[in-house]
J.: 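My questions will all concern the structure given below.
As the structure lists them, so they are numbered: ligands from 1, and atoms in each ligand from 1. Nothing fancy with the numbering, it's 1 onward along the sequence.
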Amino acid sequence: MPSLPPTFVACLHSALGTPTAPLSLHEPEFGEREWLLVKDCLESGWVSSVGRYVDAFEQQLAAFTGARHAVAVVNGTAALHVALLLAGVGADDEVLMPALTFVATANAVAYCGAHPHFIDCDDSTFGLDPQALAAHLAHIAERTPDGWRNRLTGRKLAAILPVHIFGIPARLPEIIEVAGQYDLPVVEDAAEALGTFRNGQHAGTFGQFGTLSFNGNKIITTGGGGALLTNDTELARQAKHLTTTAKLPHAWSFVHDRTAFNYRLPNINAALGCAQLERLPEFLGRKARLAERYAQAFSPWQEGNLVTPPPGTTANHWLNAVRLVHPDAAARDRLLADAHAAGFMCRPVWDLMHHLPMYAACPRSELPVAEALAASLINLPSGPALEPAA
Ligand SMILES: *Cc1c(COP(=O)(O)O)cnc(C)c1O
């Protein structure tokens, strides 16, 4: 008798065995160095807004990513907010961004008083599609004496905000080419993409700014945290200033020269970050091996395929995902229910931004790829604990 193709849950079992406790999507992992550096930070008394761990963490982030500067902040959303402000995004402007992303991307645009303008994703990276972007801009953009505006809304087009989804690098070289045609700065949301490269260049270092997140579910964590990356020394100086209450250096006086933010990463979080960053190469190796295990386990599955990064790219494999052959939200939800019943805490991808009430009225292009992806992607448990250290 010919054997039946395996079910979704059978593939999960084949990759991960039988869970004794529910396997969450992504949990952090801490070792001795984390305890040591956090203890050292506590003993130093410098736990808050200044200290040597913040400086060390910023230097190590810059060295790892190849960005000239890194500025550590309280979380990835704050990093995006400040990057957009410094890129020139202002009240009532529009920012072109993908419809498929975590809500923080759109929230950061709204914090600037600006409006997200949603564009479709491309089928291989799930990031902003440069062709869809170019076609949409050709349709809606109109040149004015001081830049480009959306001729349908009359609002200024202020920036392009691509996102590296699940750590798969978006098509930045092509997006930057389109941005150049419309004189638009590019800010990359690389929250999920520490350790991700395209042709050897780190995600978040293609545009004017890139931003990272070190939330508890990301590839490394500082508890909560984020960073801005930039190659522009003057913009890095401004980012530091704007995230540290715009305080002018002085031995004892409190002089501040603009309304600014208290967005600086506390030293104690940076201490945790330094220890986690030391382990990033090891995490990347384990994640690549877990992805390989998933690829083998899901190769006989017929309802869908494991998502694999396109050629020329090195993804960090932050979150593994499968994609159904036929987009179908009801079928996806049945698979999710089966997986949860078996102890695998799989998740659908986020609701598309224009389906959320606060962003439903925002301008957008046609979104066929984003809609299909939203109905066909399932994230798989991907934490470091699932793949033992070599
Ligand atoms: C995690 C994440 C953020 C926000 O980071 P926080 O540190 O949680 O503020 C932004 N964008 C994307 C795509 C993310 O995954």
Side-chain angles (χ1 to χ4, degrees), residues 24-28 57 61 70-85 87 89 95-112 116 118-119 121 125-128 159-170 172 175 186-196 203-204 206-207 209-229 239 243 261-266 269-270 272-273 276-277 287 307 315-321 347-353 356 359 370 373-374 377 379 382-383:
S24 68
L25 205 62
H26 204 287
E27 277 175 356
F57 188 50
L61 281 173
V71 176
V73 295
V74 283
N75 57 54
T77 315
L80 275 174
H81 180 197
V82 167
L84 290 169
L85 288 175
V89 174
V95 173
L96 299 143
M97 58 166 282
L100 179 77
T101 183
F102 179 56
V103 69
T105 320
N107 286 345
V109 173
Y111 297 169
C112 301
F118 302 119
I119 306 292
C121 331
T125 67
F126 310 159
L128 191 64
I160 300 177
L161 176 51
V163 184
H164 302 279
I165 304 287
F166 309 153
I168 302 166
L172 258 296
I175 292 168
V186 173
V187 173
E188 295 168 65
D189 183 347
E192 305 179 356
L194 181 63
T196 286
F206 291 80
F209 283 104
T211 64
L212 300 171
S213 166
F214 313 114
N215 189 39
N217 63 346
K218 297 301 201 294
I219 189 162
I220 69 163
T221 185
T222 56
L228 293 97
L229 304 176
T243 54
F261 304 98
N262 177 16
Y263 275 176
R264 183 166 191 156
L265 185 71
N269 300 79
L272 187 54
Q276 287 265 286
L277 204 48
K287 282 181 163 291
V307 171
N316 65 0
H317 300 286
W318 170 60
L319 269 194
N320 291 283
R347 296 277 294 268
V349 75
W350 316 280
D351 264 348
L352 297 177
M353 291 301 105
L356 302 178
Y359 300 124
L373 287 171
L377 288 174
N379 284 121
S382 299

J.: I'd like the contact residues of ligand 1, where contact means a heavy atom below 4.0 Å.
T.: Asn75, Gly76, Thr77, Thr101, Phe102, Ala104, Thr105, Val163, Asp189, Ala191, Glu192, Ser213, Asn215, Lys218, Gly225
J.: Got a sec, which residues hit side chain to side chain donor-acceptor pair (under 3.5 Å) with Asp351, two or more places apart in sequence or on another chain?
T.: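 None.
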J.: Report yes if the side chains of Leu277 and Leu194 come closer than 4.5 Å at any heavy-atom pair, otherwise no.
T.: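 Yes; the side chains approach each other to less than 4.5 Å.
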J.: At their closest point, which heavy atom of His164 faces which heavy atom of Ala193, and how far apart are they?
T.: CB-CB, 3.7 Å
J.: What donor-acceptor contacts under 3.5 angstrom involve side-chain atoms of residues 96-105, with partners at least two apart or in another chain?
T.:
| unit_1 | atom_1 | unit_2 | atom_2 | d |
| --- | --- | --- | --- | --- |
| Thr101 | OG1 | Thr105 | OG1 | 2.8 |
| Thr105 | OG1 | Phe102 | O | 3.1 |
| Thr105 | OG1 | Asp189 | OD2 | 2.9 |

J.: Could you tell me which non-hydrogen atom of Asn379 sits nearest to which non-hydrogen atom of Ala321, and how far apart they are?
T.: ND2-CB, 3.6 Å
J.: Would you please name every residue forming a side chain to side chain contact (heavy atoms under 4.5 Å, CB included) with Phe261, sequence neighbours left out?
T.: His81, Val82, Leu85, Leu242, Tyr263
